[in-house]
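All remarks here apply to the structure that follows.
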Number of protein chains: 2
Amino acid sequence: MPAEQHPGRQGIRKIGAQAERIDSDLAAIRHAMRKPAEAEFAQAGLTVPQTALMRAVVLQNGVSLKELSRQLSLAHSTVSGIVDRLEGRGLLVRHNDPQDGRISRIHPAPEVKEFLRTQLPALTQGPLQAALKRAKPRERNAIEQTLRRLRQLLEEARSPAV
Amino acid sequence: MPAEQHPGRQGIRKIGAQAERIDSDLAAIRHAMRKPAEAEFAQAGLTVPQTALMRAVVLQNGVSLKELSRQLSLAHSTVSGIVDRLEGRGLLVRHNDPQDGRISRIHPAPEVKEFLRTQLPALTQGPLQAALKRAKPRERNAIEQTLRRLRQLLEEARSPAV
DNA sequence: ATACGATACGTCGTATACGACACATAATGA
DNA sequence: TCATTATGTGTCGTATACGACGTATCGTAT
């Protein structure tokens, strides 16, 4: 039997307790980031996911649903629903791709386009960015590195080195 | 127009870009943690939030809704809905507190109680714990420290020393 | 004792969020 | 050519998730 995994002699129990604490922190982080922090675009009546989606659409005119789904790490059906509501409000439009009939390309509505392009720098991340400003540069980098690593660890699960 | 020859100090723009990357990572982490990773209790038909709630209820028999809401970092209405469904399945029961009529104390259903108490160690966090096992102890600690710090930074915003 | 604010919970409407399924279109192979 | 497979969306059912509102109960001041 080869050498065991990384946990080594630090037992599973300890990792379990640590996982609970981390899970709790992640939940709190999610919760805190849900509110647009009274940001300027909350006044426009947009939720956080709607804002993120609008942002992506404005930056990448004519992006496909699949691509949006990938970028936002959301299921395509979820993105489809968000697009539905924004389209219903007249903030977005769907166009069929002339080359590939399967794809529906998503564009900002003409009126909104100009407005958003000028406003974009202002309506950034909100609570997260505010939090980062409170941190020291060293801390900011630690946060970014660590989250990337955790993401990597979680996504490694998919392909367990078959 | 002399573009940015010398960025000078690290301005808001840089933090904004960093915030975007972190936001993207957080979304991916959330996404990856949503799936119980084909864990043992997925077979029981429980979602991740339901599992977390059951876990809390089993460990703290007769916990109140408010307390659950606090521990899970969820709105009380959300917790109420989850309890509704679990109660509908016969996994939980609500009892009125005899001391304080406002409080409804939540207990595991008698049959489930015994079963879960023995199974609890096995059905832990799932994807998160699996990911942590893949990390070195040093990395695990870094993740915990960093997430706690980010949570703290985010929660500092709420109460400006009222 | 009674009024009144605070607290705990339930309910409602809406917006995510997912997987499963259906369908149209594209790409491939026989 | 034409069947088969793969891909991109849309839709449906269900489960979160929240804020707003209503209601019952508790604590407290009058």
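Note: hydrogens, waters and symmetry copies are ignored here, and every other heavy atom, side chains too, is used. The sequence lines fix the lettering, A, B, ..., with proteins before strands; numbering per chain opens at 1. A quick note: this is a predicted structure, and the numbers were derived from the prediction, not measured.
- Phosphate contact (OP1/OP2 of C:dT16, side-chain N/O of A:Q50, threshold under 4.0 Å): present.
- Atom CG in B:L68 sits roughly 16 Å away from atom C1' in D:dT16 (whole-Å rounding).
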Q.
Strictly under 4.0 angstrom, non-hydrogen atoms only: write out the protein contact profile of nucleotides 17-28 of chain C, one letter per nucleotide from the 5' end, B, S or -.
A. BBB-----BS--

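- At whole-Å resolution of the value, CG in A:L91 and P in C:dA15 are 13 Å apart.
- Annotation for B:H107 and B:V57: closest pair C-CG1, 3.8 Å, computed over non-hydrogen atoms.
- When heavy atoms are screened at a 4.0 angstrom cut-off, B:R94 is found touching the sugar-phosphate backbone but no base atom.
- When heavy atoms are screened at a 4.0 angstrom cut-off, A:S80 is found touching base atoms of the nucleic acid.
- What separates CE of B:M54 from P of D:dT16 is a distance of 13 Å, to the nearest Å.
- For the side chain to side chain contact (heavy atoms under 4.5 Å, CB included) criterion with A:L153, the lone passing option out of B:I143, B:L128, B:L132 is B:I143.
- In this structure, B:L53 atom CG and D:dT16 atom P are separated by 9 Å, rounded to whole Å.
- Here D:dC26 presents its P atom at 16 Å from NZ of B:K66, a figure rounded to the nearest Å.
- Partner of B:L53 under the side chain to side chain contact (heavy atoms under 4.5 Å, CB included) criterion, out of B:L46, B:L68, B:V58: B:L68 alone.
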Using a 3.5 Å cut-off and no angle test, enumerate the donor-acceptor pairs between side-chain atoms of residues 93-103 of chain B and protein atoms at least two apart in sequence or in another chain.
| unit_1 | atom_1 | unit_2 | atom_2 | d |
| --- | --- | --- | --- | --- |
| B:R94 | NE | B:E87 | OE1 | 3.0 |
| B:R94 | NH2 | B:D84 | OD1 | 2.2 |
| B:D97 | OD1 | B:Q99 | N | 2.6 |
| B:D97 | OD1 | B:D100 | N | 3.0 |
| B:D97 | OD2 | B:R105 | NE | 2.6 |
| B:D97 | OD2 | B:R105 | NH2 | 3.2 |
| B:D100 | OD1 | B:R102 | N | 3.0 |
| B:D100 | OD1 | B:R102 | NE | 3.0 |
| B:D100 | OD2 | B:R102 | NE | 3.4 |
| B:D100 | OD2 | B:R102 | NH2 | 2.8 |

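- Under a 4.0 Å N-O distance rule, the pair A:R70/A:E67 qualifies as a salt bridge.
- Side-chain polar atoms of B:Q71 and B:Q60 form a donor-acceptor pair below 3.5 angstrom.
- With rounding to whole Å, B:E87 atom CD is found 17 Å from D:dA15 atom C1'.
- Atom-to-atom, CZ of B:R70 to P of C:dA8 comes out at 12 Å; the value is rounded to the nearest Å.
- If you take CG of B:N96 and P of D:dT25, they are 9 Å apart, rounded to a whole angstrom.
- Applying the side-chain contact (heavy atoms from CB on, under 4.5 Å) rule to B:A27 yields the partners A:S73; only residues at least two apart in sequence or on another chain are considered.
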